[in-house]
Participant: 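Starting off with a structure, shown below.
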Amino acid sequence: MKRKTAILIVIAAILACLALLYYCGPIEGPMPLWLSILPPLIAIVMALVLKEVISALFLGVFSGTFLMALFTGQEPGMALGSGLIRVVDTYIVGSIFDSDHVTIIVFTLTIGGMVKIISANGGMQGIVNWLLRRAKGPRSGQLMTFIMDLCIFFDDYSNTLMVGNTMRPVADKLKVSREKLAYIVDSTSAPVVAIAFVTTWIGAELSYIQEGIDVIGIDASAYSVFFHSLKYSFYPLLTLAFVLMLIYSQRDFGPMLRAEKEARIKSDSSSETSDNATSAHGIDALVPLLTLILGTIIGLFVTGYDSSVWQDANLDTFSKLSATIGNANSYLALLWSSLISLIVAVIMTLLRGSLEFGKIMEEMIEGFKVMFNAVLILTMAWSIALVTKDMHTAEFVSDILLKLSLSPFIVPALTFLLAALIGFSTGTSWGTMAILYPLILPASWMLCKDQGFSVTATMPLFYNVVASVMAGAVMGDHCSPISDTTIMSSMASGCNHLQHVKTQMPYALTVGAVALLIGVLPTALGMPSWLAFVIAIAMLAAIVRFVGKKD
């Protein structure tokens, strides 16, 4: 009832504003700059209220096109109609027909098709079975779950569904609670996918980062910025370390401790495991995955290679590698590698005879369908980025930050908290990044520039902000009961959903607090990131040791 009431209030407020604008008649003159904040603000508010990001982004784009049409002197009724049309013919179509955007869409769909094929032909199950034979007790079972999550690094949906369903009967036999299984699956999948170089996320992340770079106008590739931001990705990396600490120490605290103790005393008489090793061949998945990884690496070298860089004796190997990756066309590299890996998966499946050609095509199309929601989010994200660019939203936000006399050093921390809030409220990391990246990257850059920061001083803060958007989005997603991956983790692990949220949230908040207070803030003030990681890991180890108790 509360949610329905909130939705009705928001809709009534929007209708009231539209009615007021209608009776004001046509508006002449330039649009006030403060109105430029309305499209992203409406997108954020509607996402919080509707708990759904695609429609929220659409409303944000529409509000922008309506305002721009209204300030050209059109009647309000005409502005509504022309604004609605411009959403499609100017911004959505304009976003889709960008060559880089088309490349990302094809890459995303191709990865989905490849993953579906290697799942259907038994290749992925073959890898899973090899790992399962090495699980002997609760600790080794949890460790194998963690390893499997690391191996299935290319897609969080595939990760949660495959690992959760496969490990559920094994976890029951080894007396590992369903809550712990769901936690390991959920808290390993997104962090790994978010920071890995070749995943279904990377296209979206690079696209969002590129939108911000284009507004700023700096000479840097999205892949280079992403690469440099990894050393500030505290929450994902610390989460992986925390999961390992819990597994090796066999300690837990809070609701998870109670769940684990209850699981240890349960009978495993009803538990059973399944082994499809006779029809599962891990090589059928391993070869396409290696093709994808190696193909991307080769593609980055081919598109970014500069002979003058590699012949420069004053540069070390790492500098040459960084320069090559920074100059590479990551979109082409990802497109080439994904297409080749898909072809390899099809050929190996045909040679094995595990699936007929018609069935392979059906599975590939099903994989495309799985990624369709991601493509919709991408398209609407690109559209609202274009709207905020045309309305000069970044300039307005930067001006507000300057008037508030905010120090650029606290922007990464504020970004992390804002991303966590939006991620929690919307339940989607992608939607959070779609809303924040085009807005916060230009604003943080301009804030540093206007306060006299040099480019050398600005870049570490900029990389920190880039990482904080992604890290905060993942943290908020981990705490959210409406998160799609949280729900899928509960379902795949056979765990009560509310129990999963209840047991996971204390862990996510613990790591998030350490990441913010020991990682994001100190590194923005100048602490080396490696030192922050060392202190943060030591702090988490102390929490596990002195707060946690043996299961």
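Since the model is a prediction, treat every value here as computed from it, not as a measurement. The first residue of the sequence shown is numbered 1, and numbering continues consecutively from there.
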Participant: Hey, could you give me each pair passing side chain to side chain donor-acceptor pair (under 3.5 Å) that has a residue in residues 241-257? Not counting sequence neighbours.
Facilitator: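 Residue pairs passing side chain to side chain donor-acceptor pair (under 3.5 Å), neighbours aside: R139-Q250, K180-D252, D252-Y507.
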Participant: For K261, which residues count as a salt bridge (Lys or Arg N to Asp or Glu O under 4.0 Å) partner, sequence neighbours excluded?
Facilitator: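 For K261, no residue satisfies salt bridge (Lys or Arg N to Asp or Glu O under 4.0 Å) once neighbours in sequence are set aside.
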Participant: Quick one: list whatever passes side chain to side chain contact (heavy atoms under 4.5 Å, CB included) with F372, sequence neighbours left out.
Facilitator: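 Expected list: L376.
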Participant: Please round to the nearest 0.5 Å and tell me the distance separating atom OH of Y235 and atom CG of L240.
Facilitator: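 Separation between the atoms: 10.0 Å.
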Participant: Side-chain contact, heavy-atom cut-off 4.5 Å: V192 with D149?
Facilitator: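 Result no, sub-4.5 Å side-chain heavy-atom pair not found.
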Participant: D214: what forms a side chain to side chain contact (heavy atoms under 4.5 Å, CB included) with it, not counting sequence neighbours?
Facilitator: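 By the side chain to side chain contact (heavy atoms under 4.5 Å, CB included) rule, D214 matches Q210.
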Participant: Looking at residues at least two apart in the chain, or sitting in another chain, which of them share a ring-ring contact (aromatic ring centres under 6.0 Å, His included) with F234?
Facilitator: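 Listed in chain order: F533.
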Participant: Please enumerate all residues that pass side chain to side chain contact (heavy atoms under 4.5 Å, CB included) together with P288, with sequence neighbours excluded.
Facilitator: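 So P288 forms a side chain to side chain contact (heavy atoms under 4.5 Å, CB included) with M114, I118, V344, A345, M348.
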Participant: Going by side chain to side chain donor-acceptor pair (under 3.5 Å), name the residues that satisfy it together with S140, two or more places apart in sequence or in a different chain.
Facilitator: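 Checked S140 against side chain to side chain donor-acceptor pair (under 3.5 Å); zero matches.
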Participant: Quick one: list whatever passes side chain to side chain contact (heavy atoms under 4.5 Å, CB included) with A333, sequence neighbours left out.
Facilitator: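 Checked A333 against side chain to side chain contact (heavy atoms under 4.5 Å, CB included); matches are L300.
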Participant: Parallel, tilted or perpendicular for F226 and Y223, by the 30°/60° rule?
Facilitator: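 Aromatic pair F226/Y223 classed perpendicular.
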Participant: I need the full list of side chain to side chain donor-acceptor pair (under 3.5 Å) pairs touching residues 517-546, with sequence neighbours left out, sorted by first then second residue.
Facilitator: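 Listed once each, the pairs are N464-T523.
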Participant: Could you pull out all residues at least two apart from E366 that satisfy salt bridge (Lys or Arg N to Asp or Glu O under 4.0 Å)?
Facilitator: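 So E366 forms a salt bridge (Lys or Arg N to Asp or Glu O under 4.0 Å) with K369.
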Participant: Kindly write out the residues that satisfy side chain to side chain donor-acceptor pair (under 3.5 Å) with W382, not counting sequence neighbours, or none if the list is empty.
Facilitator: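 Scan of W382 (side chain to side chain donor-acceptor pair (under 3.5 Å), adjacent residues dropped) gives S207.
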Participant: Going by heavy atoms in the side chains, are M459 and W445 under 4.5 Å from each other?
Facilitator: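 A side-chain contact under 4.5 Å exists here.
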Participant: Got a sec, which residues hit ring-ring contact (aromatic ring centres under 6.0 Å, His included) with F146, two or more places apart in sequence or on another chain?
Facilitator: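 F146 satisfies ring-ring contact (aromatic ring centres under 6.0 Å, His included) with no other residue.
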